[in-house]
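Below, chains carry the letters A, B, ... as their sequence lines are ordered, and counting in each starts from 1.
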Amino acid sequence: MCNFLFMKSKECLNENKVRKIPLVVICSPTATGKTRLALDLALPCGGEIVNADSLQVYRYLDIGTAKPTSEERQAVTHHLIDVVDPDEDFNAAVFAEQARTIIEKIAHRQKPVFVVGGTGLYIRALLQGIIATPPVDENIRNHYRGIRDRLGKEHLFGLLRERDPEAAARINPHDAVRVIRALEVLEQSGQSIVTLQKRHAFADCPYDACKIGLQIERSELKERIALRTAQMMEAGLVEEVRGILSRGYDERLKPLQSLGYKQVIEFIRGKYDRDAMVERINRDTWQYSKRQLTWFSADKSIKWFAPDQSDAIRKTIEMFRRES
RNA sequence: GGGUCGGUAGCUCAGUCGGUAGAGCAUCGGACUGAAAAUCCGAGUGUCGGCAGUUCAAUUCUGCCCUGACCCA
């Protein structure tokens, strides 16, 4: 089955992108076994794995992001893991750009590509593109953040309503993240984010993707999350966080405010005890997994399997390669 | 044994000068175009500790009981 993908990639290049590069995408909520499945699929066919997880891209955040181990990374080539420091900028557009470059190269090497991760927006940006705007300008963003903090969300939204009524009509006044984004796009590009979105419409699709999702019953997923949190504790997540902080990274950095890291920092700061920390990580991870499920469930092109249906998954991928 | 303050949603608590109740968190559902493990939106929650009394009407007033914390002995 891997030969077929191999052929496809070659054709794709020879015919100068007349055919789309085939991709296997493994996307599902956290703790469902994506990493394991990806290794099982990629190893026998010499495939390479492209990470699509927004936090595994950061160096030093290993235990809490459940990165593949160094053994696993030796067995199969992984891309877009450990590519930036915790204080460096990274986002969906940067991800998509880098992932596309990498996938191009893997295809050129004539290896099958497996995109694996739980960050829905990153996968969408990779497969369907994202609006083209100037890179984020931290000065501009901080300016609007300052307005939010000093004058409040209402005032911030008032600015958007004044300058870009169409965007204001589509964004919730309390959603300051999106209000700021709309304001900065307008300021940097001179265009409404709505105009750019309408023009773009997720139509930039250079790949032929076979999306595989791993589905686990709720009660079992809850158990798996609790088990994984316990394993992270045992593996030294608290020590990992202390190490990152002692490198001088500010605890307010985006990746350190993420699931797991945030709660460990609050524990270190004495906001609550170890049991409460574990409880919160479990609860917040569960909430996150539900948000992921909401996102992925809306994507009707995902084919869902139980983790033990590896034969069915292999067959599905084989069929995909034959058809594409 | 006496006194004081409590017992209201899964949790923490607000409230009803008598007309059967609410906020935050949790729970459930949803959105998501350069922060996405982020951010935001929507929904429901209940014998208002128990039993009696007064009243057209009691979660609200009164009595007794149960129960928790604290104080005195």
task = Would you indicate what Arg145(A) reaches in the nucleic acid, counting non-hydrogen atoms under 4.0 angstrom: base, sugar-phosphate, or nothing?
result = base
RNA chain B in dot-bracket form (Watson-Crick or G-U pairs under 3.5 Å, [ ] crossing, | inter-strand) is (((((((..((((.....[..)))).(((((.......))))).....(((((..]....)))))))))))).
Here the distance between atom C1' of U33(B) and atom CZ of Arg170(A), to the nearest Å, is 9 Å
From CD1 of Ile131(A) across to C1' of C32(B) the rounded distance in Å is 13 Å
Problem - Minimum side-chain heavy-atom gap Arg59(A)-Glu88(A) below 4.5 Å - result: yes
Between CG of Leu256(A) and P of A35(B) the distance, given in whole Å, is 18 Å
Has Thr119(A) got a side-chain atom pairing as donor or acceptor with Ser54(A)'s backbone, closer than 3.5 angstrom? yes
Rounded to whole Å, the CG-P distance (Leu126(A) to U33(B)) equals 17 Å
Same-atom distance (P) from C41(B) to U8(B), integer angstrom: 29 Å
Looking at every strand, decide which applies to Gln287(A) at a 4.0 Å heavy-atom threshold: base, sugar-phosphate, or nothing.
sugar-phosphate
Worksheet entry | C1' atoms of C5(B) and A43(B), separation to the nearest Å | 37 Å
message: Please give the distance between the P atoms of C56(B) and A14(B) as a whole number of Å.
response: 33 Å
query: Are Leu127(A) and Leu23(A) side-chain neighbours, meaning at least one heavy-atom pair lies under 4.5 Å?
result: yes
Taking only the P atom of each, what is the distance from A31(B) to C13(B) in whole angstrom?
36 Å
task = For Lys262(A) and Glu251(A), indicate whether the former's side chain and the latter's backbone hold a donor-acceptor pair under 3.5 Å.
result = no
Against the side chain of Ile130(A), the closest entry in C32(B), C25(B), U33(B) is U33(B)
- request: Identify whether any heavy atom of Ala201(A) sits under 4.0 Å from a base atom; if not, whether one sits that close to sugar-phosphate; answer base, sugar-phosphate or nothing.
  value: base
Contacts satisfying salt bridge (Lys or Arg N to Asp or Glu O under 4.0 Å) that involve residues 225-250 of chain A (not counting sequence neighbours) are Asp250(A)-Arg252(A)
- Item | Side-chain touch Gln98(A)/Thr101(A), heavy atoms, less than 4.5 angstrom | no
A correct 5'-to-3' footprint of nucleotides 36-41 of chain B, with B, S and - meaning base, sugar-phosphate only and no protein heavy atom under 4.0 Å, is BBBBSS
Within the 4.5 Å heavy-atom criterion, are Leu37(A) and Val116(A) side-chain neighbours or not? no
Pair Phe202(A) and His200(A), ring centroids less than 6.0 Å apart: yes
query = Would Gln263(A) and Asp284(A) count as having a side-chain donor-acceptor pair, cut-off 3.5 Å?
reply = yes
